[in-house]
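Have a look at the structure below, then the notes.
The shown structure was predicted, so the numbers you read here are calculated from the model rather than taken from an experiment. Residue numbers begin at 1 in each chain, while the letters A, B, ... track the order of the sequences.
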Amino acid sequence: MLRVYNTLSRSKEQFQPVKEGKVGIYVCGPTVYKPSHIGHMVGPVIFDAVKRYLAYSGYDVTLVVNVTDVDDKLIAESQRRGVPMAQLAAEMTADYMNNLDALGVDSIDHFPRCTETMDEIIEFTKTLVEKGFAYEAEGDVYFEVAKYPEYGKLSHRGVEALQGDGGGMVSRKKSSADFALWKSAKPGEPSWESPWGPGRPGWHIECSAMSRKLLGKTFDIHGGGLDLMFPHHENEIAQSECCHGQTMAKYWMHNGLMQASSEVGKVGGRKTRAAEEGDLASQEIGKISKSKGSQPFSEMLKQFSGETIRFFVLSTHYRRPIDFSEERLREVETGMETFHRFFESYKRITGKSFYDVKAPTRHDEKIDWDYEHRGDRFLEKLLARCIDFESYMDDDFNTGGGIGVLFELVRLLNKFINDEELEKPANRNQNNLHKFQLGVIKLREFSAVLGLFRKPPQEASASGDDELTGRLMELLIELRAESRKKKDFATADQIRNRLAEIGVVLEDRPGGTEWSRK
RNA sequence: GGCGCCGUAGCCAAGUGGCUAAGGCAGCGGAUUGCAAAUCCGCCAUCGUGGGUUCAACUCCCACCGGCGCCUCCA
């Protein structure tokens with residue numbers, strides 16, 4: 001029974017889709033004016049996993065992530081660079097898509113663009129004006145917050161709390177809490193024709209228009225970063241619910257934000273003044289951390305695989321903030337080696353690749369256990385872990401717990417290899433291989449739900465491992481084997497040590513010596 | 001000031017009103033190994049502090065201390 005934390009109610013609620021068997025998810029995506037950084041990528045990873053789990057649970061899921069390609073920041077950046085806005089947007093969108101690809105986020109069904117939704121946006125705005133929730137002022141159109149009594153129900157803020165004036169700017173708004181649905185164009189700015197003259201959409205209206213277009217007036221889950229809760233999501237609700245007279249989204253899910261780890265206060269933040277007495281050195285650390293954390297994601301990918309970052313993101317509950325740090329990523333990498341090594345063992349034992357293992361994609365697909373579990377320690381433990389996995393995921397998508405189960409499964413399987421001595425071909429039989437395979441299927445199944453281990457890790461050394469290398473290694477291993485046979489361990493160790501210096505690791509296994517690059 | 005979050009082992013991180021408080025990284029001991037590596041087994045926390053509620057709290061409530069986010073067209 002799936003339970004989801006709903007920001008609206010500030011509590012976990014039993015998940016019940018609007019339409020039986022179907023789930024629509026809308027997640028606020030990026031404004032494509034600069035290369036994305038790690039913070040932009042956590043949401044997609046999380047909601048990709050959310051979709052996978054919902055699909056696994058039997059739902060037909062549609063996931064929408066918008067791309068904002070018209071915006072003040074885009075205009076400013078394109079002017080600064082002297083390139084057309086559309087070109088800038090196209091470049092940055094491509095960057096974003098590459099990042100998604102590296103992270104294995106491939107479950108997004110629609111990427112609506114603002115520029116491609118213009119008609120709907122204008123029509124949406126028109127309706128709000130007609131219904132009296134919005135007003136025109138010299139080519140701008142504003143939503144009148146006072147007309148919507150429920151305003152603030154998501155972020156739990158009263159309207160009166162937001163009356164602060166935006167720096168004394170001369171405003172055409174009736175109230176400072178009102179926000180723009182449509183902005184008139186200044187000369188030279190990209191613009192679209194509208195009933196109010198040439199202009200462009202305000203920031204929030206696109207999401208209302210896009211979500212309705214692709215998911216309907218009321219859909220199931222609206223997601224996004226915690227920072228968007230106010231005012232962005234609050235405004236979306238106001239627009240959509242005033243326009244349609246019905247609930248916009250049943251569940252609002254907000255993910256915690258990625259933070260650049262730093263020993264001192266963040267530079268440039270409100271806390272800075274308090275931390276200012278700190279010496280120069282510590283401030284320097286803060287700056288470095290900050291720049292590391294906000295470096296373009298594509299740069300980060302040169303240091304860490306997308307899969308490592310995905311694993312890292314999913315190892316914490318999505319509502320918690322995560323501190324980004326290189327050490328943490330390195331630790332995650334170490335942990336993942338356990339899995340990669342297991343996949344090697346699997347290949348040695350079965351001759352097959354883990355990545356090709358067929359596993360159920362839905363929890364109700366039956367696999368052929370073909371065994372009486374009772375009394376079989378291995379199968380009983382395996383079943384217990386399976387139950388754990390779903391319990392974790394059912395509890396507000398606890399991917400961290402789920403990853404814990406993955407580790408336990410590997411340990412269980414490694415133990416099985418040890419106990420049955422599966423590394424020795426003579427000990428393999430139909431019985432133990434079948435049991436082993438059952439465990440592997442579950443590992444494959446659950447890791448796929450999290451979107452992990454779907455492809456072999458990129459062999460950094462692929463370029464260097466040509467046929468010649470392979471043959472030379474064979475030769476060295478052969479020579480070393482002969483030395484070992486003759487108890488000439490000095491020579492054997494010399495070979496292994498010298499190879500280690502070059503970066504080649506030898507591991508002696510029951511079935512023979514394996515080599516790999518480190 | 002307003003809204004909210006967090007404080008679990010050296011570090012990261014799940015979780016629960018009563019049963020052995022997951023898992024990972026690091027460390028230690030053991031099995032295995034010619035020695036290693038890998039793997040397995042074992043060890044390593046009483047849950048920020050002080051109160052309260054309760055037969056029973058780390059888990060609920062209050063206060064305090066400490067860390068943090070948002071309130072600024074930031075995912």
Does [N] have a Watson-Crick or wobble partner in any strand here, with both distances under 3.5 angstrom, and which is it?
N     : value
B/C25 : B/G10
B/G17 : none
B/U49 : B/A63
B/G1  : B/C71
B/C35 : none
B/C58 : none

Please work out if [X] contacts a base, only the sugar-phosphate, or nothing of the nucleic acid, heavy-atom cut-off 4.0 Å.
X      : value
A/D388 : nothing
A/R480 : base
A/V42  : base
A/H204 : nothing
A/R496 : base
A/K73  : sugar-phosphate
A/R330 : nothing
A/D72  : base
A/E507 : base
A/G29  : sugar-phosphate
A/I403 : nothing

Inset, instruction - Report the C-alpha distance between A/E482 and A/K485 in whole Å, list the side-chain angles of each, state the deciding distance to 0.1 Å, and finish with yes or no for salt bridge (charged side-chain N to carboxylate O under 4.0 Å, His left out). - result: CA-CA 5 Å; A/E482 281 170 23; A/K485 216 172 216 167; over 6 Å; no

Between atom [atom1] in [X] and atom [atom2] in [N], what is the gap in whole Å?
X      : N     : atom1 : atom2 : value
A/E344 : B/U39 : CD    : P     : 12 Å
A/Y318 : B/C6  : OH    : C1'   : 16 Å
A/L63  : B/A75 : CG    : C1'   : 14 Å
A/L450 : B/A14 : CG    : P     : 14 Å
A/E421 : B/U39 : CD    : P     : 18 Å
A/R484 : B/A37 : CZ    : C1'   : 11 Å

Legend entry - A/N398 side-chain N/O to B/G15 phosphate OP1/OP2 under 4.0 Å: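 The answer is yes; a side-chain N or O of A/N398 sits under 4.0 Å from OP1 or OP2.
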
If you only use heavy atoms from C-beta on, which nucleotide in [options] is closest to the side chain of [X]?
X      : options             : answer
A/R320 : B/A75, B/C6, B/C41  : B/C6
A/D395 : B/A75, B/A37, B/G15 : B/G15
A/T334 : B/A26, B/A14, B/C3  : B/A26
A/D493 : B/G23, B/G34, B/G69 : B/G34
A/R509 : B/C40, B/G7, B/A38  : B/A38
A/T316 : B/G34, B/A13, B/C74 : B/A13
A/F230 : B/C71, B/A22, B/C40 : B/C71
A/N414 : B/A22, B/C11, B/C40 : B/C40
A/M258 : B/C12, B/A75, B/U39 : B/A75
A/W203 : B/U39, B/A36, B/C74 : B/C74

Given the side-chain rings of [X] and [Y], with only the six-membered ring counted for Trp, is the space between their centroids under 6.0 Å?
X      : Y      : value
A/F297 : A/H37  : no
A/H233 : A/H204 : no
A/F339 : A/F453 : yes
A/Y96  : A/H40  : no

Legend entry - A/F489 aromatic ring stacked with six-membered ring of B/G34, 5.5 Å and 30°: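 A stacking contact exists, since A/F489 sits close and nearly parallel to the base ring of B/G34.
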
Inset, instruction - Apply salt bridge (charged side-chain N to carboxylate O under 4.0 Å, His left out) to A/E331 and A/R328, showing your working. - result: CA-CA 5 Å; A/E331 283 177 16; A/R328 195 88 311 123; 3.2 Å; yes

Inset, instruction - With RNA chain B as reference, determine whether A/D227 or A/A492 sits nearer its 5' end, using the nearest nucleotide of each. - result: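 That would be A/A492.
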
Legend entry - Residue closer to the 5' end of RNA chain B, A/S155 versus A/L257 (nearest nucleotide):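 Nearest nucleotide further toward 5': that of A/S155.
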
Legend entry - Contact check, side chains of A/N427 and A/E420, non-hydrogen atoms, under 4.5 Å: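 With C-beta onward as the side chain, the pair stays apart.
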
Inset, instruction - Specify whether A/Y346 and A/F354 have parallel, tilted or perpendicular ring planes, treating 30° as the upper limit for parallel and 60° as the lower limit for perpendicular. - result: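 Correct class here is perpendicular.
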
